[in-house]
Amino acid sequence: MIKDVQQEILRMKKENDVCILAHSYVAHEIIEIADFTGDSYALSVKAKTAPQKTVIMVGVRFMAETVKILSPEKKVILAHAESGCPMAEQMDRDTISIVKSQYPDYKVVCYINTTAELKTICDVCVTSSSAVKICKQIPEKNILFIPDCNLGAYVAEQIPEKNFKLLQGGCPVHASVNEKEVLEAKAKHPGALLLVHPECTQEVVKHADYVGSTSGIMEFAKNSDAKEFIIGTELSITGHLQYECPDKLFWNLSQKLMCKNMKLNTLYDVYNAILGRSGEEIELDGETIEKARKCIDEMIRLGG
Ligand code: 13P
Ligand code: SF4
């Protein structure tokens, strides 16, 4: 049954000139039919070069907005209309405009997990895989980093020569894991390496053997000689890695690491989105696209 739906999607996407981009957090059966799968940074870069006229983003809203900003001439559809990222909604343009006026000599660096509207007033965007590299290259010493204070704290630690101002935002899923769970998981799997996403809190990150983006974690596990890993990011990554590396063992750091927004995306959403029966076409006005694009182009320039 799943195979039949997948075959039909593959046929329809070719016929309708559709490119399917899937974030690594979505289900295995969607990843199998995607043209490209990756972390937020890789998806943004890929979006620029995809030759198809229509892009279906299977992920969360800010990812689809990023595709639209980089390719305004394309029809961009978010596969599940309600799949948003709570972190991206935490800070709005008006609030950050006020904060900016209080820190006039700070460069504003925003995580890509923000709305298109907020990006219009930021200087440069970063992703978890590019944040350290980009912040190091910014000539200014003072950086206002929004919205994720956990990612911000991790980046600040890597660049002690710079001065970071952080605000209280972040991913409710990753931030829900605590140090006690880390110690329990390590005690249960004493030989395993701990790989975590920098959206986790510092009390978790400090115990990690590797800290990186979703793709970074997957690459590290695949290339490592180690045989056992505790995965400190969304539960789907543990499953994907177990498929790809059947000779290794993968454990979830915490059962709380479940992003219900990413989980909203189903194979049938993709099928229905191609047929125009579900999903949401992303519409952004010209001014928003132009201003937000500067911030994303700067990310690609410095992060490439
Ligand atoms: P990545 O940049 O690692 O894909 O992270 C996106 C995200 O939303 C993690 O929760
Ligand atoms: Fe947003 Fe967190 Fe879900 Fe990533 S895991 S999409 S940051 S809520």
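For ligands, and for the atoms within them, numbers begin at 1 and follow the listed sequence. We number each residue from 1, following the sequence as shown. Given the structure is predicted, the values throughout are model-derived calculations rather than measurements.
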Top protein contact for atom 5 (O) of ligand 1, by heavy-atom distance: His197 NE2, 3.3 Å
Regarding atom 2 (Fe) of ligand 2: of the candidates Ser83, Gly59, Cys171, Ser40, which has the closest heavy atom? Cys171
Is the closest basic N to carboxylate O distance between Glu283 and Lys68 below 4.0 Å? no
Could you list which atoms of ligand 1 come closer than 4.0 Å to a heavy atom of His23? 1 (P), 4 (O), 6 (C)
Heavy-atom contacts with Pro86 under 4.0 Å: which atoms of ligand 2 show up? List them by number with element. 8 (S)
Closest approach of any protein heavy atom to atom 7 (C) of ligand 1, naming residue and atom: Glu199 OE2, 3.6 Å
Check whether Ile121 and Val126 end up in the same hydrophobic cluster, where Ile, Leu, Val, Met, Phe, Trp and Tyr are linked by side-chain heavy atoms less than 4.5 Å apart. no
Given side chains that start at C-beta, do those of Lys188 and Trp251 come closer than 4.5 Å, heavy atoms only? no
Ligand 1 and Tyr41, any nitrogen or oxygen pair closer than 3.5 angstrom? no
Check whether any heavy atom of Met87 sits under 4.0 Å from an atom of ligand 1. no
Would you say the side chain of Glu82 lies within less than 4.5 Å of the side chain of Asn261, judging by non-hydrogen atoms? no
Just to confirm my output: which protein heavy-atom neighbour is closest to atom 4 (Fe) of ligand 2, and how far is it? Tyr25 CE1, 3.9 Å
Check the surroundings of atom CD1 in Ile2: do more than 12 heavy atoms from other residues, nucleotides or ligands lie under 6.0 Å from it? no
Mutual orientation of the aromatic rings belonging to His28 and His240 [parallel < 30°, tilted 30-60°, perpendicular > 60°]: tilted
Taking atom NZ as the centre, does Lys46 end up with more than 12 heavy-atom neighbours from other residues, nucleotides or ligands that are less than 6.0 angstrom away? no
NZ/Lys186: more than 12 non-hydrogen atoms of other groups inside 6.0 Å: yes
Using 30° and 60° as the class limits, which term best fits the ring planes of His197 and His174: parallel, tilted or perpendicular? tilted
Could you tell me whether atom 3 (Fe) of ligand 2 has an N, O or S atom of Cys259 under 2.8 Å away? yes
Ligand 1 atoms nearer than 4.0 angstrom to some heavy atom of Asn113 are 7 (C), 8 (O)
Quick one: does NZ or CZ of Lys165 land under 6.0 Å from the six-membered ring centre of Tyr103, within 45 degrees of the ring axis? no
Nearest non-hydrogen protein atom to atom 1 (Fe) of ligand 2, with distance, is Cys85 SG, 2.4 Å
Check if Glu234 has a non-hydrogen atom at a distance under 4.0 Å from any atom of ligand 2. no
Report, in ascending order of atom number, the atoms of ligand 1 lying under 4.0 Å from any heavy atom of Ser128. 1 (P), 2 (O), 3 (O)
Can you tell which of Cys200, Ser40, Ser24 gets a heavy atom nearest to atom 1 (P) of ligand 1? Ser40
Under 4.0 Å, heavy atoms only, figure out whether ligand 1 is touched by the backbone of Tyr25, its side chain, both or neither. side chain
Could you list which atoms of ligand 1 come closer than 4.0 Å to a heavy atom of Ser213? 3 (O)
Is Lys74 atom NZ crowded by more than 12 heavy atoms from other residues, nucleotides or ligands, each under 6.0 Å away? yes
More than 12 foreign heavy atoms under 6.0 Å from CD of Gln102: is that the case here? yes
Nitrogen or oxygen of Thr214 less than 3.5 angstrom from that of ligand 1: yes
Just which atoms of ligand 1 are under 4.0 Å from any heavy atom in His174? 10 (O)
Suppose I only count heavy atoms of Met87 and a 4.0 Å limit; which atoms of ligand 2 are within that range? 7 (S)
Sub-4.0 Å atoms of ligand 2 with respect to non-hydrogen atoms of Asn113: 7 (S)
